[in-house]
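As the structure lists them, so they are numbered: ligands from 1, and atoms in each ligand from 1.
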Amino acid sequence: MNRRNSRTVYLRGLIELSNICRKDCLYCGIRCSNRKIERYELPEAQVLELSQYALDSGYGSVVLQGGERCDSNYVERISALVYKIKHLTSDRTSLPLGITLSLGEQSREVYREWFNSGADRYLLRIEASNPELYRKIHPSGNDAEIKMHSYDRRIEALEDLKSAGYITGSGMMIALPYQKMGDLERDLDFLASMDVDMVGMGPYIPHRDTPLGRLSLGMKPEGVPPDDGDFVSYTREQRMALSLEMIRRLRERMPQINIAAATALEVLSEDGKAQAVLSGANVIMPNITTSAMRRNYQLYEGKSEVKDDAESTRLKLERQMERIGVKIGWFDIGNPGKFS
Ligand code: SAH
């Protein structure tokens, strides 16, 4: 039997809190300039209901993900929400839910406040560790309406998360336009040098309502750097192969960390998550967001699970893992260091 066949994966129920965002990332479907989507924020009661479902069903943890917002009302709502989720109880387990936040760049004070309210982990991808590539895929310059990007600020935010006490995760997109093999090497070095506890990285998937997506799909782009000969377009097969290769290499290099099987992999292959697990991923984040809301949270096109509900997602996952002989760590928070 393959040594990997005795492995365990841990689950986080993914809740897509809100698609309202102050940023305008050139690749992302919920960027603030995309007027084609309806903006929403899940009401607190609904998030608590979904979290209760995750707790009762043995997911061990939830991830609260959303667009980046920083108004003080929002910050307070998140604090209250985190506190309430942490204090949910269930007759099926005595352990509280693990809480991962993925809510973008915030001030050091906000990170501390959310940590003190009960959040355990925070995911903030560097997106591209090469500062030049980072600049090409994020808007910079002056626009009073849109929060601009700074690579240095991103690094600072990651440092702030670590010092606030979070189990800290980062990651990047793989097979981005303009990305070279050397950039991916650099990404692995970056994750090691930041000594991250968790990684979420996955293939870039073009979205036609974004400038970078239009460029990737051969449509007329606006607001992206002109093709100065640096533009690379990867096939689906290349994107899949590169993503799995990155997971394999990272797992060799960082044996103890948590590596998530990116949902974006499923756009490329139906058993994308299973392949990621076989390559070394040990965390899966089934989407438990209410079906009706999912269509407005398309970071990329063809996002899987948009039509599924939580229960069918769960059954599908169980079957997939059974097929590859990997156990699911039900009722386990699944902190780093448990990879076996
Ligand atoms: N606002 C939060 C959450 C962002 S969404 C934050 O800034 O951290 C989570 C991740 O989806 C992003 O970090 C990005 O890496 C990924 N993503 C966005 N658009 C994508 C696309 N077109 N293809 C693949 N991944 C994408």
Any nitrogen or oxygen of Gly67 lying under 3.5 Å from a nitrogen or oxygen in ligand 1? Just yes or no.
no
With rounding to the nearest 0.5 Å, note down the distance linking OG in Ser129 to CG in Leu184.
8.5 Å
Just how far is it from atom OH of Tyr166 to atom CZ of Arg112, taken to the nearest 0.5 Å?
10.5 Å
How far is [atom] from the closest protein heavy atom, and which atom is that?
{"atom": "atom 9 (C) of ligand 1", "answer": "Gln65 NE2, 3.4 Å"}
{"atom": "atom 1 (N) of ligand 1", "answer": "Gly66 O, 2.8 Å"}
{"atom": "atom 24 (C) of ligand 1", "answer": "Pro203 O, 3.3 Å"}
{"atom": "atom 19 (N) of ligand 1", "answer": "Tyr27 CD1, 3.4 Å"}
{"atom": "atom 23 (N) of ligand 1", "answer": "Ile205 N, 3.0 Å"}
{"atom": "atom 7 (O) of ligand 1", "answer": "Gly104 CA, 3.6 Å"}
{"atom": "atom 13 (O) of ligand 1", "answer": "Glu127 OE2, 2.6 Å"}
{"atom": "atom 17 (N) of ligand 1", "answer": "Met173 SD, 4.0 Å"}

When the aromatic ring centroids of Tyr151 and His138 are compared, is their separation below 6.0 Å?
no
So, are Arg154 and Glu127 salt-bridged, with charged N and O less than 4.0 Å apart?
yes
Sidechain N-carboxylate O distance under 4.0 Å for Glu252, Arg249
no
Are side-chain heavy atoms of Arg319 and Arg323 found at a separation under 4.5 Å?
yes
With heavy-atom distances below 4.5 Å as the criterion, would you say the side chains of Leu191 and Leu250 are in contact?
yes
For Gln275, enumerate each residue passing the side chain to side chain contact (heavy atoms under 4.5 Å, CB included) test, keeping only those at least two apart in sequence or located in another chain.
Met240, Leu244, Ser269, Asp271
Kindly indicate whether atom 4 (C) of ligand 1 is approached by any protein heavy atom to under 4.0 angstrom.
no
Atoms of ligand 1, numbered as shown, that sit under 4.0 Å from any heavy atom of Tyr204
22 (N), 23 (N), 24 (C)
Close-contact set for ligand 1 against Arg125 heavy atoms, below 4.0 Å:
13 (O), 14 (C), 15 (O), 16 (C)
